[in-house]
Amino acid sequence: MKRRQLLLTLLGVPVIGAFLYEAIAKSKTTSNVPYDPVSAQSPATSFNPSPNTKPATNLADANSEITLETTEEPLLRFAAIADNGFGSAAQFAVAKSMWETYQQKPYSFVLMAGDNIYSYGEIKLAKAYFEEPYAPLLNKDVKFYAVLGNHDIIKTNNGLDQINYKPFNMSDRYYSFKKGDVREGTVEFFAIDTNSNAEWESQLSWLDRQLAASNAPWKIVYGHHPLYSSGQHGSDPQLAAKLVPIFAKHKVPLYICGHDHGYERFNPIDGTTYIVNGGGGAPLYRFGKSPQTAFVSAQFSFMTFDVYQDKIITKAIATDGKVFDRSIITKTI
Ligand SMILES: [Fe+2]
């Protein structure tokens, strides 16, 4: 086995898939959805979020028509993507949907949960796979906050090139930042490195300490790899063994990730809602479902989160701008 193949195998990347990714990415397909990120800066006229969009069937939506369609402005709104940096038609279609959603309901930043640049994380591809697709948002000064996926540590000085790439806004391999209220922050975000070669010992003690010290009303953790997933990669009991005790101790209500290419939201497990949000543009995976799955759909998508004092309303949004899943997250008691 060649050194590169060995490395990819160690990183959990199906070798054939990785080469396929590279081949497809190099050929950069043309979008079926006409989307010119430059001209897209003018207001869109085609996007019309349907007020009749039916909420997904899940426990949280029992009273959703009233609660989810509130006209009350959130304290904070943000978006999230993952597994997006592929340069594909699908990535551009998701980017278009993100832009059209932004024009209706602006958000000030985007969590980017890894596999930011396929296939090997090379920063020289950032222009084509990041700056171009999201140009309209970047031009509006929408910030992206990245974490390292398994593809982002291969030809990048183990991720250092991406950490040093300013538009990814990474202050380190793992870091936290507050958004919202100026003093305490409405939400404190904890961006973690979930790769197998992460600095696990120091990172876990940092996460434990920082969560304990945080005064933010909401504490949200995100990283690339799922603890729970019904996708091709599946759940990761070893990762869960590391993180679940910390999440439970500090009552973390939400963990957002990618890695499996599709969307899956779980009913809360030990008080935490887990969401796989990996439909950002790389080829989709097959998903099954587990007894704890609240909603699953292998499609290209991104998410928005409306943060209120007592709840967070999550929306999974398809390339046509339609919300195909929504839920309410409440604070873990
Ligand atoms: Fe991944």
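Note that this is a predicted model, so its numbers are computed, not measured. Side chains included, hydrogens not; waters and symmetry mates left out as well; all remaining heavy atoms used. Both counts, for ligands and for their atoms, begin at 1 and track the order of listing.
- Within a radius of less than 2.8 Å around the Fe ion (ligand 1), the protein N, O or S atoms are D115 OD2, N150 OD1, H224 NE2, H259 ND1.
- Geometrically, K178 does not engage F189 in a cation-pi contact defined by less than 6.0 Å to the ring centre and at most 45° from the axis.
- When all heavy atoms are compared, the tightest approach of A318 to Q299 is CB-OE1, 3.3 Å.
- A salt bridge is absent between D310 and K331: the closest approach of a Lys/Arg side-chain nitrogen to an acidic carboxylate oxygen does not fall below 4.0 angstrom.
- With D193 contributing its side chain and N195 its backbone, the two residues share a donor-acceptor pair below 3.5 Å.
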Original post:
Checking ring pair (Phe, Tyr, Trp, His ring centres under 6.0 Å) for the pair Y134/F144: CA distance, chi angles, key distance, verdict?
Top reply: CA-CA 10 Å; Y134 310 115; F144 287 66; 5.1 Å; yes
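- A salt bridge is absent between D325 and K315; no separation between the charged side-chain nitrogens and carboxylate oxygens falls under 4.0 Å.
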